[in-house]
Amino acid sequence: MTIKVIIVDDQAMVRAGFAALLAAQPDIDVVGDAADGRQGVELGRSAHPDVVLMDVRMPEMDGLEAARRLLDPPPGVHHRPKVLMLTTFDVDDYVYEALRAGASGFLLKDAPPADLISAVRVVAAGEALLAPSVTRRLIADFAKQRPARRKGPSLRLNGLTPRETEVLELIARGLSNQEIAASLVLAEQTVKTHIGRVLAKLGLRDRAQAVIFAYESGLVAPGGQ
């Protein structure tokens, strides 16, 4: 199955470079690019990409607002692509907010080419790009700076079983499905089932939002081990 990708970035050289790299892959098809968030939303609605590579800082409309519009479309628009945020900053408030809005993760622009290709495939497969330690640090840093936001969601944890709560905590600590399975002595398919139930019960889109929920609810303490 071919992964349809669009690239939204205000730097023409970045768009061209990423497009050339991705188009060279047999399973990836770059179906368009845009120079700002507004154009990106329009292109996303018309091209129906599987993955949108979205720069954070752009003129006309920034990547955060564009991601929100793509991930929470108006009535009558049913296509919701996966959004992968691109940034030049290790810690960026926009990226945190984008994850809360439903983006599937973020990638530094200076990441190795192989990481970009892998990121597109991971996000297209429905996983969140949360493995790099920089992502865990970013989420922990911003959760620490927002103690007021950590009051409301905690009651929603009561709807989870003890096992589901354990799984959510391990997701927030950055463990993969395989690592969670090993830690809890479960089959990997069982872990996937638990994750699906956690997301459904909490009304979350994916692992990215699950990580943020775990921090904001107080289940996992920022900076904790």
Side-chain angles (χ1 to χ4, degrees), residues 1-73 79-139 141-142 205-208:
M1 178 179 173
T2 301
I3 303 169
K4 295 168 61 179
V5 176
I6 66 172
I7 302 165
V8 186
D9 193 294
D10 61 337
Q11 298 180 47
M13 289 184 65
V14 170
R15 298 198 306 273
F18 283 1
L21 177 66
L22 294 173
Q25 308 307 309
D27 59 335
I28 298 176
D29 184 14
V30 179
V31 295
D33 64 85
D36 62 59
R38 194 175 305 281
Q39 294 177 21
V41 172
E42 294 173 357
L43 181 60
R45 298 265 166 81
S46 62
H48 291 177
D50 300 302
V51 177
V52 178
L53 296 181
M54 181 78 74
D55 188 21
V56 171
R57 300 178 185 274
M58 292 180 291
E60 294 295 326
M61 180 188 293
D62 64 27
L64 173 58
E65 180 60 26
R68 283 178 177 149
R69 295 192 184 193
L70 286 171
L71 294 166
D72 189 18
H79 180 71
R80 287 183 175 86
K82 307 295 185 188
V83 176
L84 179 61
M85 305 303 295
L86 299 170
T87 179
T88 54
F89 305 97
D90 270 17
V91 178
D92 192 311
D93 196 9
Y94 281 114
V95 175
Y96 175 87
E97 295 297 340
L99 290 173
R100 295 185 78 244
S104 295
F106 83 98
L107 190 71
L108 297 178
K109 284 187 178 181
D110 60 358
D115 285 3
L116 173 64
I117 297 167
S118 174
V120 168
R121 290 171 176 154
V122 166
V123 169
E127 295 291 327
L129 195 69
L130 292 172
S133 60
V134 63
T135 307
R136 295 196 296 271
R137 188 177 74 245
L138 178 146
I139 294 172
D141 285 348
F142 281 109
R205 286 191 181 93
D206 57 22
R207 294 171 78 108

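A heavy-atom distance below 4.5 Å is not found between the side chains of Gln39 and Glu60. Contact check for Asp55 versus Lys109: side-chain heavy atoms found under the 4.5 Å cut-off. Counting heavy atoms from C-beta outward, Asp36 and Asp10 have side chains that stay 4.5 Å or more apart.
Residue Leu53 holds its CG atom at 14.5 Å from NZ of Lys82, rounded to the nearest 0.5 Å. Residue Phe18 holds its CZ atom at 7.0 Å from CG of Leu107, rounded to the nearest 0.5 Å. Distance CE/Met85 to CG/Leu108: 12.5 Å, rounded to 0.5 Å. Rounded to the nearest 0.5 angstrom, Asp9 CG and Arg57 CZ are separated by 13.0 Å. Between the CE atom of Met54 and the OG1 atom of Thr87 there is a distance of 13.5 Å, given to the nearest 0.5 Å.
Of all heavy-atom pairs between Arg80 and Pro73, the closest is NE-CD, 3.5 Å. Residues Ala103 and Leu71 come closest through the heavy atom pair N-CD1, 3.4 Å. Heavy atoms only, all atoms of each residue included: Leu43 and Asp33 are closest at CD2-N, 3.5 Å. When all heavy atoms are compared, the tightest approach of Val8 to Gly40 is CG2-CA, 3.8 Å. Of all heavy-atom pairs between Gln25 and Ile117, the closest is NE2-CD1, 3.3 Å. When all heavy atoms of Ile7 and Arg15 are compared, the pair lying nearest together is CD1-O, 3.8 Å.
With Val5 as the partner, the side chain to side chain contact (heavy atoms under 4.5 Å, CB included) test is satisfied by one option alone out of Leu84, Leu22, Asp50: Leu22.
Between the side chain of His79 and the main chain of Ala47, no donor-acceptor pair closer than 3.5 Å is present. Formation of a donor-acceptor pair under 3.5 Å by the Lys4 side chain with backbone atoms of Val31 is not found in this model.
Taking the charged nitrogens against the carboxylate oxygens, Glu42 and Arg38 have no contact shorter than 4.0 Å, which rules out a salt bridge.
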